[in-house]
Amino acid sequence: MSELRRCPIRGHHVILATDRLVTPNIRPPVNGGGDGCVLCVDGPARRWKVLGRRGACVVVPNGRPALKIEAQGGWQRVGPYERREGLGAHEVIVESDEHGRTPWQQTPAELADVLSLARERLIDLRRDPRLKNLSWIKVHRAEAGARVDHPHSQVIALPEPGPLAAREVEAHERYAQENHGRSLSQDLIQHELQDGARVIHADPLFVSLVPFAPWAAFECWIWPRSGGPAFESTDDDDSLALASHLCGLLSRLHTALGDAPLQIVLRTEPSCATFRWRLELRPVIENPRALTLATGCAEQAVPPEEVAAFLRGL
Ligand SMILES: [Zn+2]
């Protein structure tokens, strides 16, 4: 059983899951297939319990879950520290039968199935009142954290929000108090659309942009132009429209950066009425800097306005 520990100084959580110490199964496709790949059509994951299916996409429990829904008990004090069993959920969406298919090659229809499956699993996991920190993540290539190079993503649920999510909720609640209930996310979206300097592409439903203060080079966000705090409230039409927008952004990033390692993260906060869900895309093209570790301050060599203009022109 894994364990969750909370840092008493910084407030973040750490998952201790010693049985996940495995050799990454990263290898080039062999004749289009992944010899020994756990997620391939003849791999062991395909014999695990199926939690959902859409087209060629299937979602299964992680074979080596970092967290388990069967975990018991709450936080226990150990002197000045707190620990608990590794409560949560950790599921894998196998996105294709084709080993080695990259995000740049996936079609809007394929990604729409992935997004719809993710939404279905998040809705199901929300029924467990113990789970409050839910997300969908997709990583591409080992440098971004992928343990297999079969196209996949993960649905993850923890018992409480980490400091990052808590700060985002706090910022929205404070902004609403100081601005007659207005939504910080909505006002940012409106400002970005009016200003235009950091917008990469806007269609009737979604806008992709480079954030005003990006953590990572070529970081991009996709925001719905209207909607609520929860990605779980979207429907299949939204999935297809989002997938089309996402494919367009992925194409621009591929043109700019080639087959770069990539992380995609969903931010969804149903409990915060003024929040607006979004996708964050982070190409992994440089290592974290000691300056950031020391100060909590990121450093960028290229202004986000120039990055946006470059991507906009591709
Ligand atoms: Zn495979």
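In listed order, ligands and their atoms are each counted from 1. Note that the structure is a prediction, hence the values are computed from the model and not measured. Just the heavy atoms: all of them, side chains too, but no hydrogens, waters or symmetry mates, feed the values below.
Of all N/O/S atoms in His150, ND1 sits nearest the Zn ion (ligand 1). Of all the N, O or S atoms in His99, the one closest to the Zn ion (ligand 1) is ND1.
Between the SG atom of Cys37 and the SG atom of Cys40, the angle taken at the Zn ion (ligand 1) works out to 120° after rounding to 10°.
Hydrophobic clustering of Ile, Leu, Val, Met, Phe, Trp and Tyr side chains at less than 4.5 Å, counting indirect connections, keeps Val38 apart from Val139.
Salt bridge annotation for Arg119-Glu232: absent, with no cationic side-chain nitrogen under 4.0 angstrom from a carboxylate oxygen. In this structure, Glu82 does not pair ionically with Arg84, as no charged nitrogen and carboxylate oxygen lie closer than 4.0 Å.
Considering only residues two or more places apart in sequence or on other chains, Glu85 meets the side chain to side chain donor-acceptor pair (under 3.5 Å) condition with none of them.
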